[in-house]
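Here is the structure we will look at.
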Amino acid sequence: MGFDSVWHWLILLVIVLLVFGTKKIRNLGPDLGAAIRDFKKGLSGDDEAKQKEEEARRKEAEQLRADPPPVDSTTTQSQRDSSETK
């Protein structure tokens with residue numbers, strides 16, 4: 001007698017339902033999925049920190065590449081005036 005009979009599987013299923021209840025079995029899938037996701041996040045935790053550092057560096061580089069603030073118009077005008085008098 002092995003587990004190749006349908007009756008054996010049905011009896012096993014009834015015993016599992018009686019021991020654990022339908023609510024725990026119903027929640028088994030989502031709980032297992034959440035555990036696997038958390039495990040993957042734990043493994044790639046260093047990658048997230050590196051990604052945040054790269055993003056911060058990229059933002060800083062963008063700020064450095066931005067156009068400089070416009071020069072005061074009075075200074076520009078005085079430079080023009082001085083160049084015309086020469």
Side-chain angles (χ1 to χ4, degrees):
M1 293 189 116
F3 279 106
D4 54 349
S5 173
V6 175
W7 291 107
H8 287 122
W9 286 108
L10 287 175
I11 292 171
L12 183 65
L13 179 64
V14 169
I15 292 172
V16 168
L17 285 174
L18 289 174
V19 170
F20 293 108
T22 57
K23 187 174 181 180
K24 285 188 179 181
I25 293 175
R26 185 177 18 196
N27 292 337
L28 182 67
D31 290 343
L32 184 61
I36 291 172
R37 266 183 264 129
D38 289 341
F39 180 73
K40 286 182 180 180
K41 282 183 183 179
L43 289 177
S44 66
D46 295 336
D47 294 338
E48 291 177 12
K50 289 179 183 177
Q51 186 178 12
K52 287 180 182 179
E53 286 179 17
E54 285 181 24
E55 191 173 313
R57 283 188 210 140
R58 193 175 322 130
K59 286 182 181 179
E60 185 177 323
E62 287 177 8
Q63 288 177 348
L64 292 176
R65 280 187 266 147
D67 293 335
V71 180
D72 189 21
S73 61
T74 57
T75 307
T76 307
Q77 187 63 36
S78 66
Q79 288 174 348
R80 286 186 201 149
D81 292 340
S82 66
S83 65
E84 290 176 3
T85 58
K86 289 184 182 179

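Criterion: ILVMFWY side-chain heavy atoms under 4.5 Å apart, direct or through other members. Under it, Leu32 and Phe20 are not part of a common hydrophobic cluster. There is no path of hydrophobic side-chain contacts, each under 4.5 Å, that joins Ile25 to Val14. Hydrophobic clustering, with ILVMFWY side chains joined whenever heavy atoms are under 4.5 angstrom apart, keeps Val16 apart from Leu28.
The CH2 atom of Trp9 lies 10.0 Å from the CG atom of Asp4; values are rounded to the nearest 0.5 Å. Atom-to-atom distance recorded for Leu17:CG and Leu12:CG is 9.5 Å, nearest 0.5 angstrom. Note that CD1 of Ile36 is 13.5 Å distant from NZ of Lys41, once rounded to the nearest 0.5 Å. Rounding to the nearest 0.5 Å gives a distance of 9.5 Å between CG of Leu18 and CG of Leu13. Rounded to the nearest 0.5 angstrom, Thr22 OG1 and Asn27 CG are separated by 9.5 Å.
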